[in-house]
Amino acid sequence: MGLTRAIGLGLLLLIGALTVGGCATTTTDQGPSLYKRLNGREGIALVVGDFVANMAGDARVNERFKAMKPADVEKLKSNLSDQICDATGGPCSYLGRDMKTTHKGMNITEAEWNATVENLVKALDKNTVGAKEKSELLGVLGPMKADIVGQ
């Protein structure tokens with residue numbers, strides 16, 4: 001599997017996991033942004049690292065990652081972190097391709113999407129992300145599902 005497809009799958013899986021939540025905004029009228037409440041870049045990187053480890057260990061989805069070289073895994077983590085940082089009001093910019101282009105021809109299934117959501121929620125729970133923040137993050141990234149599943 002090429003780096004681009006692997007990154008796309010990783011993003012797909014992450015975003016899929018995020019569809020569990022309802023609609024939410026990235027900031028509140030009072031208080032810090034979602035990015036800050038996720039403990040910034042460091043907190044996001046921890047969640048992403050655990051998420052990728054969960055995906056690699058999950059037989060329902062790990063076949064898509066087995067051929068990835070260590071440098072490709074690190075690139076995947078970086079892109080996922082940038083995407084979450086950007087989507088939650090942080091100072092990062094996601095410069096990757098759009099989700100539809102990235103996932104074209106991958107034929108991501110609903111079952112893979114669901115496994116991804118479960119793996120992301122496990123990573124969020126492991127890092128003690130609060131229920132409000134979890135819901136907001138899922139709500140921010142969830143709408144990408146249509147551009148990922150079945151492409």
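Because only heavy atoms are used, hydrogens play no part in the values below, and waters and symmetry mates are left out as well, while side chains stay in.
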N-O pairing of Glu74 and Lys69 below 4.0 Å: no
Exam field: side chain Ser81 to backbone Lys77, donor-acceptor pair closer than 3.5 Å: yes
Between OG1 on residue Thr109 and CG on residue Asn114, distance to nearest 0.5 Å: 8.0 Å
Exam field: side chain Thr88 to backbone Cys85, donor-acceptor pair closer than 3.5 Å: yes
Expected output: side-chain Gln83 to main-chain Gly96 donor-acceptor under 3.5 Å: no
Test item: Asp98 side-chain N/O and Thr101 main-chain N/O as donor-acceptor pair under 3.5 Å: yes
CG-OH distance between Asp86 and Tyr35, expressed to the nearest 0.5 angstrom: 11.0 Å
Verify same cluster id: Met55, Leu46 (apolar side-chain graph, 4.5 Å): no
Nearest atoms (heavy-atom pairs only) where Leu76 meets Phe65: CD2-CE2, 3.8 Å
Test log, rule side chain to side chain contact (heavy atoms under 4.5 Å, CB included), inputs Arg41 and Ile84: CA-CA 9 Å; Arg41 184 82 177 168; Ile84 293 172; over 6 Å; no
Within-4.5 Å side-chain heavy-atom neighbours: Glu112 and Arg60: no
Reported CD-to-CZ distance for the pair Glu136 and Arg37, which is rounded to 0.5 angstrom: 4.0 Å
Side-chain heavy-atom pair Gln151, Met99 within 4.5 angstrom cut-off: no
side-chain contact (heavy atoms from CB on, under 4.5 Å), paired with Val129, selected from Leu38, Asn39, Val121, Leu137: Leu38
Pair Asp147 + Lys104, salt bridge at N-O below 4.0 Å: no
Asp58 (side chain) donor-acceptor with Asn54 (main chain) under 3.5 angstrom: no
Separation of Ile44 CD1 from Cys92 SG (nearest 0.5 Å): 6.5 Å
Distance, nearest 0.5 Å, that separates CG of Asn127 from CD of Glu133: 13.0 Å
Asn119 CG to Asp50 CG distance, which is reported to the nearest 0.5 Å: 11.0 Å
